[in-house]
Amino acid sequence: MTQQLPGKPRLKECSILRKLSLACAMALGSTTMHVHAQIKPVAQDVVNEKVKESAWLPDPALTQLLQKMVESRFMPYKVVGQKNDKDILSYKAYFHPFPKDMERFYSYWGMTAEWYIARKNSMAQEGYQEIWHQSFRDAGNTELHQAVWMKRSTENPELQKLGSNYADEEHEQNILVGMLWRGEFKKLDIALDSAFAQNKAGRLKSNTLYKRFGTLSRLDKDFQKQFDAWVKSSMQGYAYLARGMFLQQQAWDARGDKLAAETSKKQFADFHKLSSVARVDLTKANEKIKSCALCVGELIVNNRALGIKEGDDALLKYALQYDPKLYSPAYAYLSKLLPQWGGSFSEMETFIGNIRKTTGDEILVDELKSRLCYYQGIAIYREDQEGARIWFERGLTSQPYQLLVNELALLYAKKNNHKQAIALLEKSMANGNEWDIYTLEVLAQSYFALGMQAKGDKLIAKRDGAVRRFKNGE
């Protein structure tokens with residue numbers, strides 16, 4: 001299903017694997033004791049109202065506090081940071097009640113100077129007022145910035161409104177999409193350069209970085225012109241990597257998900273053509289981006305598409321050496337061992353055992369096991385849904401594959417086991433998939449089936465809000 005943007009390319013709704021929870025957006029960064037602050041005046045309607053101050057907290061703890069404060073209708077009107085004598089970074093936020101005329105706000109911290117300027121200009125163009133700004137330097141003498149922007153409502157000033165409902169990471173993914181369709185390629189390069197730098201410094205998880213590129217890769221085919229213009233404008237490795245992943249996804253879409261006997265010659269031809277073009281971009285990205293485990297993982301995916309069986313062992317070895325915390329190369333290797341690609345479930349089990357020995361990463365092992373159970377269930381789904389259900393339930397490891405959760409919930413719902421579906425999906429939401437579009441839809445339908453109309457309506461409203469925000473690139 002696609003949504004049409006007026007005068008813009010379309011976005012795939014199915015690509016919005018989202019969770020919405022915070023009324024702010026945050027960019028992670030580092031801080032130092034050397035602080036230079038520029039304080040903007042606070043809105044008059046909140047003067048003399050109750051102000052709350054947090055303790056000095058690490059990023060995750062402050063993120064959790066922000067969520068709670070926003071749910072209590074308090075916004076962070078300033079955020080400051082510091083680095084103690086042990087080089088540990090911490091932040092402090094100051095909150096006041098939502099101003100009556102507030103339409104939306106954004107709070108960011110840890111921005112580089114370039115990224116702050118780009119975001120400041122973008123916010124100004126969209127009608128936001130900067131109400132707080134602070135800069136300081138980290139241990140590496142990099143100047144980092146904190147800022148809060150707010151847009152005032154031009155409608156009923158008595159009606160209190162929430163800020164952005166996106167959590168920080170979903171917002172970061174959405175604004176990349178917005179930059180792409182608006183042709184803001186320099187901003188896009190700055191954002192991704194900052195993300196790679198944060199990842200290298202240990203401030204951004206490798207799998208989170210992958211998800212940002214994954215979001216771009218799943219955009220509608222009408223974005224082809226934007227990707228081409230970006231590559232022409234930038235010539236950086238990020239543009240090649242993003243377009244290569246996009247083209248590879250277009251190749252999978254062209255082939256379809258049916259069995260080979262049910263797939264036309266044209267579909268296969270388009271699949272091979274797009275995969276071949278994608279390979280050129282992915283190879284260039286791997287040449288331009290130093291020690292790029294993400295690039296290597298995508299080359300494993302591309303090898304499977306083009307039927308290239310040599311070299312994957314070496315690629316996986318390089319990926320694990322470059323970045324053992326990035327899971328996509330292992331996912332890609334596991335997929336190439338599927339029976340329909342010339343492998344077997346036995347080989348997949350052996351591979352998972354080898355990954356345990358090589359990495360010792362039990363979280364990765366659990367995720368691979370869950371994916372294997374999903375593949376085994378899907379293999380018999382048409383003929384034996386009960387057998388598929390058993391495989392799916394076996395795959396409910398500590399790190400269950402989201403597609404497995406979705407399929408199992410659907411099976412429960414089909415059999416009118418809505419309580420089981422609800423328990424499964426509520427747990428999935430609590431484990432970090434709070435705003436997955438499919439989860440919201442199926443969970444809402446299960447609520448409706450049990451007469452829980454209010455809960456279902458609430459989820460549908462939030463689902464629609466997620467789609468709208470994604471379409472707007474916010």
Side-chain angles (χ1 to χ4, degrees), residues 1-18 172-193 195 209-257 263-289 292 294-295 297-306 328 332 437 467 469-474:
M1 178 180 178
T2 56
Q3 297 289 332
Q4 184 66 44
L5 292 172
K8 301 291 184 183
R10 291 169 293 155
L11 302 176
K12 285 188 177 178
E13 183 174 317
C14 62
S15 72
I16 316 171
L17 304 179
R18 300 282 178 246
E172 293 301 325
Q173 294 175 28
N174 285 350
I175 60 175
L176 293 178
V177 176
M179 290 173 187
L180 180 60
W181 85 52
R182 290 191 298 266
E184 298 171 347
F185 304 130
K186 186 175 181 179
K187 289 183 181 179
L188 201 50
D189 284 332
I190 291 172
L192 292 173
D193 190 56
L209 178 61
Y210 170 80
K211 288 178 181 178
R212 294 186 185 180
F213 279 90
T215 294
L216 295 174
S217 76
R218 293 188 296 270
L219 295 174
D220 190 86
K221 63 182 180 181
D222 290 345
F223 269 76
Q224 177 75 57
K225 292 181 180 179
Q226 271 77 8
F227 280 105
D228 293 344
W230 180 19
V231 168
K232 185 177 181 180
S233 170
S234 169
M235 301 301 289
Q236 290 197 28
Y238 311 133
Y240 281 108
L241 176 58
R243 188 174 69 173
M245 292 176 66
F246 167 78
L247 289 170
Q248 187 59 67
Q249 184 58 51
Q250 291 299 307
W252 294 116
D253 291 345
R255 186 204 179 280
D257 57 2
T263 305
S264 69
K265 291 182 179 180
K266 183 180 185 307
Q267 286 176 292
F268 277 120
D270 290 343
F271 172 59
H272 189 273
K273 179 180 178 181
L274 286 165
S275 297
S276 297
V277 177
R279 187 172 191 82
V280 176
D281 279 352
L282 295 174
T283 301
K284 286 185 177 179
N286 194 40
E287 294 170 353
K288 289 176 174 286
I289 305 174
C292 182
L294 204 162
C295 302
E298 294 308 304
L299 284 171
I300 296 175
V301 174
N302 184 257
N303 279 351
R304 174 163 65 99
L306 293 175
S328 60
I437 292 294
V467 174
R469 292 295 309 283
F470 180 73
K471 286 169 59 181
N472 292 337
E474 297 179 344

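The chain is numbered in sequence order, starting from 1. Since we're looking at a predicted model, the values are computed, not measured.
Taking 4.5 Å as the limit, every side-chain heavy atom of Leu188 sits out of range of all side-chain heavy atoms of Tyr238. Looking at heavy atoms from C-beta onward, Leu247 lies in side-chain contact with Gln224 at the 4.5 angstrom threshold. Proximity of Met245 to Tyr210: side-chain heavy atoms (C-beta onward) are separated by under 4.5 Å at one or more points. Side-chain contact check for Leu216 versus Leu180: some heavy-atom pair is nearer than 4.5 Å.
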Please determine whether side-chain contact (heavy atoms from CB on, under 4.5 Å) holds for the pair Leu176 and Phe213, giving the CA-CA distance in whole Å, both sets of side-chain angles, and the decisive distance to 0.1 Å.
CA-CA 9 Å; Leu176 293 178; Phe213 279 90; over 6 Å; no

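Minimum heavy-atom separation, Ala332 to Gly297: CB-O, 3.8 Å. Here the closest non-hydrogen pair linking Thr263 and Arg255 is CG2-O, 3.5 Å. Scanning both residues, Ala242 and Trp230, for their nearest heavy atoms gives CB-CZ3, 3.4 Å. Across all non-hydrogen atoms, the minimal contact from Gln248 to Ser275 is NE2-OG, 3.2 Å. In this structure, Ala239 and Val231 approach most closely via the heavy-atom pair O-CG2, 3.7 Å. In plain terms, the two heavy atoms of Leu274 and Ala251 that are nearest each other are CB-CB, 3.6 Å.
Atom OG of Ser264 and atom CG of Asp270 lie 8.0 Å apart (nearest 0.5 Å). Separating the CD atom in Gln236 from the CG atom in Leu192 is a distance of 9.0 Å, to the nearest 0.5 Å. One distance of note links NZ of Lys266 with NZ of Lys273; it measures 9.0 Å at 0.5 Å rounding. Note that CG of Leu241 is 12.5 Å distant from NZ of Lys288, once rounded to the nearest 0.5 Å. Distance check: Glu298 CD to Asn286 CG gives 11.0 Å after rounding to the nearest 0.5 Å. Summarising the geometry, atom CD belonging to Glu172 is positioned 5.0 Å from atom CZ belonging to Arg212; distances are rounded to the nearest 0.5 Å.
Note on ring orientation: taking the six-membered ring where Trp is involved, the planes of Phe271 and Trp252 are tilted (angle from 30° to 60°). Between Trp181 and Phe223, the two ring planes are perpendicular [angle over 60°; tilted spans 30° to 60°].
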Under 3.5 Å, sequence neighbours excluded: what are the donor-acceptor pairs made by side chains of residues 276-283?
{"from": "Ser276", "atom 1": "OG", "to": "His272", "atom 2": "O", "distance (Å)": "2.8"}
{"from": "Arg279", "atom 1": "NH1", "to": "Asn302", "atom 2": "OD1", "distance (Å)": "2.6"}
{"from": "Arg279", "atom 1": "NH1", "to": "Asn303", "atom 2": "OD1", "distance (Å)": "2.8"}
{"from": "Arg279", "atom 1": "NH2", "to": "Asn303", "atom 2": "OD1", "distance (Å)": "3.1"}
{"from": "Asp281", "atom 1": "OD1", "to": "Arg243", "atom 2": "NH2", "distance (Å)": "3.0"}
{"from": "Asp281", "atom 1": "OD2", "to": "Arg243", "atom 2": "NE", "distance (Å)": "2.5"}
{"from": "Asp281", "atom 1": "OD2", "to": "Arg243", "atom 2": "NH2", "distance (Å)": "3.4"}
{"from": "Thr283", "atom 1": "OG1", "to": "Arg279", "atom 2": "O", "distance (Å)": "2.8"}

